[in-house]
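Atoms considered below: every heavy atom in the structure, side chains included; atoms not considered: hydrogens, waters and symmetry mates.
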Amino acid sequence: PYTARGVVVGMRAVLEEAFGSAEFKGRSILIQGVGAVGGDMAIRLKKLGANVVVCDINEQRAKAMAEEHGFEYVPDAGHKRLIELCQADQ
């Protein structure tokens with residue numbers, strides 16, 4: 001949990017620098033790998049208002065996390081296309 005918390009704090013700093021606001025609300029964030037750290041990060045980011053999308057090489061785990069916490073799910077092999085679509089929106 002400490003690593004996930006530290007990463008989220010770092011992400012807030014990046015948001016503030018890049019966009020002038022450290023708010024996650026309304027932002028889409030893809031978490032690739034929802035093990036101990038990624039799973040905890042996904043939960044924290046969802047609580048902060050982010051639209052969380054998850055994928056993992058272990059698709060069962062990612063699907064279970066998505067269902068339990070209300071995340072969007074993309075197959076591990078399909079996440080690259082999602083990144084391309086998000087970049088096109090900027």
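Residues N58 and D76 are not in side-chain contact: their nearest non-hydrogen atoms beyond the backbone lie 4.5 Å or more apart. In this structure, I31 and L45 have side chains that are in contact, with non-hydrogen atoms separated by less than 4.5 Å. For the pair L48/V8, a side-chain contact is recorded, criterion being any heavy-atom separation below 4.5 Å from C-beta on. In this structure the side chain of M11 reaches within 4.5 angstrom of the side chain of M41, judged on heavy atoms.
Residue pairs that meet the ring pair (Phe, Tyr, Trp, His ring centres under 6.0 Å) test with at least one member in residues 30-72, sequence neighbours left out, are H69-F71.
The side chain to side chain contact (heavy atoms under 4.5 Å, CB included) search around A22 returns R12, E16, not counting sequence neighbours. Here E72 pairs with N51 under the side chain to side chain donor-acceptor pair (under 3.5 Å) rule; sequence neighbours left out.
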* To do: Check step by step if side-chain contact (heavy atoms from CB on, under 4.5 Å) holds for R61 and V34.
  => CA-CA 7 Å; R61 175 173 40 208; V34 288; 4.0 Å; yes
* Asked: Does the side-chain contact (heavy atoms from CB on, under 4.5 Å) test come out yes or no for R27 and L15, once each step is laid out?
  -> CA-CA 10 Å; R27 300 210 177 269; L15 286 174; 3.5 Å; yes
* To do: Could you walk me through whether V53 and I29 pass side-chain contact (heavy atoms from CB on, under 4.5 Å), step by step?
  => CA-CA 6 Å; V53 182; I29 299 176; over 6 Å; no
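What you find for V54 and A62 is that their closest heavy atoms are CG2-O, 3.7 Å. Taking every heavy atom of both residues into account, D40 and A4 meet most closely at OD1-CB, 3.3 Å.
Geometrically, R44 does not engage F24 in a cation-pi contact, judged by NZ or CZ lying under 6.0 Å from the ring centre and within 45° of the ring axis.
Clustering ILVMFWY residues whenever any of their side-chain heavy atoms sit less than 4.5 angstrom apart, transitively, puts V52 in a cluster other than the one holding V14.
A donor atom on one side chain and an acceptor atom on the other are not found under 3.5 Å apart for Y73 and E67.
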